[in-house]
Amino acid sequence: MRVVIAGGHGKIALLLERLLAERGDQAVGLIRNPAHITDVRTAGAEAVVCDLEAASSDDVAVLLAGADAVVFAAGAGPGSGAPRKDSVDRAGSVLMAEAAERAGIRRFVQVSSMGAGQPPQPGAGEVWAAYITAKTAAEADLHTRDLDWTILRPGGLTDVPATGRIRLAPPPVPAGTIPRADVAAVIAALLDHPGTRHQTLELVTGDSPVATAVQSIP
Ligand SMILES: NC(=O)c1ccc[n+]([C@@H]2O[C@H](COP(=O)([O-])OP(=O)(O)OC[C@H]3O[C@@H](n4cnc5c(N)ncnc54)[C@H](OP(=O)(O)O)[C@@H]3O)[C@@H](O)[C@H]2O)c1
């Protein structure tokens, strides 16, 4: 399977690239900074420079030719303000989805966030509100697309090693955390289970092995 990952130098993306390479899949990481090429290659993926805030959907559609699936794992990141939540977390996902449609790549896994899908909590702060608004809009855009999308909403991300034990279910799942390594494993499993298309799934650490949890999604 050839999988194009937007945000290819992100922490989840690099873990996912390793998992895909280990199982014999071909990962392609879209990155904006050429200095990240070596890291992406070291993770076992092909690196392609593509700034999601500058590219057109036609540009991206060309890059998607021959892919079997797209993963949106980009994000403006913790140091960014409200405008980049919109230009990366919302518009970057819209760009990838539009390009996937144009290129005829049906499978699309979007990394969203728990908290999306509802208005931001009052008093949560301007940047958090912009982030949740952007993620919610990106999800809403996917709902309109003729794609086999799965929306994955992880809880708070940590960098501890994978536990391999998760709770994965349609919302609402009680708030919690999840290692990025487990998120990467779930994305890899979702790519293998197109039956999860048109599902929105929340993800925190739990009791079920990843494969069992993904297979049990109706
Ligand atoms: N933090 C949390 O607790 C939490 C919880 C739930 C969901 N999430 C979501 O999970 C996803 C992945 O998280 P993560 O920790 O793996 O993210 P990350 O390490 O911050 O990676 C995000 C990647 O997106 C890239 N990016 C930003 N702007 C770009 C652009 N214009 N063009 C191309 N790439 C661009 C960044 O590249 P540069 O290195 O060049 O900036 C970075 O490599 C994000 O969507 C995040 O919102 C986070």
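Whatever order the structure lists them in is the order used to number ligands and atoms, beginning at 1.
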Filtering Gly92, Gly10, Gly8, Ala6 for the heavy atom nearest atom 42 (C) of ligand 1 leaves Gly10
> Got a salt bridge between Arg106 and Asp148, using NZ or NE/NH1/NH2 to carboxylate O under 4.0 Å?
Replying inline: yes
Note: with side-chain heavy atoms under 4.5 Å as the link, the other cluster members for Leu203 come out as Met1, Val3, Ile5, Ile12, Leu16, Leu20, Val71, Val109, Val111, Leu152, Leu157, Ile166, Leu168, Ile178, Val183, Val186, Ile187, Leu190, Leu191, Leu201, Val210, Val214, Ile217
Ranking Ala35, Ala73, Gly75, Gly77 by closest non-hydrogen atom to atom 36 (C) of ligand 1, top hit is Gly75
So is Pro154 in contact with ligand 1, going by heavy-atom distances below 4.0 Å? yes
Practice item. Report yes if Gly156 has an N/O atom closer than 3.5 Å to an N/O atom of ligand 1; otherwise report no. Key: no
message: Asp59 vs Ser56, test: side chain to side chain donor-acceptor pair (under 3.5 Å). Steps then yes/no.
response: CA-CA 5 Å; Asp59 296 335; Ser56 71; 3.2 Å; yes
Query - Any N or O of Leu157 closer than 3.5 Å to N or O of ligand 1 - result: yes
When distances are taken from atom 39 (O) of ligand 1, the protein heavy atom at minimum range is His36 CE1, 3.4 Å
For ligand 1, is Pro78 a contact, meaning one of its heavy atoms is under 4.0 Å away?
no
Notebook entry, point to check: Between the side chains of Ser93 and Asp141, is a donor N or O closer than 3.5 angstrom to an acceptor N or O?
Noted result: no
| message | Under 3.5 Å between any N/O of Asp51 and any N/O of ligand 1: does that happen in this structure? | response | yes
Quiz question: by atom type and distance under 3.5 Å, do the side chains of Lys85 and Thr133 form a donor-acceptor pair? no
Are any of the N/O atoms in Ala74 less than 3.5 Å from those in ligand 1? yes
Just to check, does Ala54 reach to within less than 4.0 Å of ligand 1 when the distance is taken from its heavy atoms?
no
CZ (Arg145) and NE2 (His198) are apart, to the nearest 0.5 Å, by 12.5 Å
For the 3.5 Å polar cut-off, considering only N or O atoms, please tell me whether Val88 and ligand 1 meet it. no
Ranked by distance from atom 10 (O) of ligand 1, the top protein heavy atom is Val111 CG1, 3.4 Å
For Tyr131, is the nearest heavy atom under 4.0 Å from an atom of ligand 1? yes
Is there a polar contact between ligand 1 and Leu30, counting only N or O atoms under 3.5 Å apart?
no
_Non-hydrogen atom of Lys135 closer than 4.0 Å to ligand 1_ = yes
Check: Do any nitrogen or oxygen atoms of Arg84 come within less than 3.5 Å of a nitrogen or oxygen of ligand 1?
Finding: yes
To the nearest 0.5 Å, atom CZ of Arg84 lies from atom CG of Asp89 at 8.5 Å
Return yes when Met114 approaches ligand 1 closer than 4.0 angstrom through a heavy atom, no otherwise.
no
The option among Val49, Leu15, Leu52 carrying the non-hydrogen atom nearest to atom 33 (C) of ligand 1 is Leu52
Nearest non-hydrogen contact to atom 38 (P) of ligand 1 from the set Lys11, Arg32, His9 belongs to Arg32
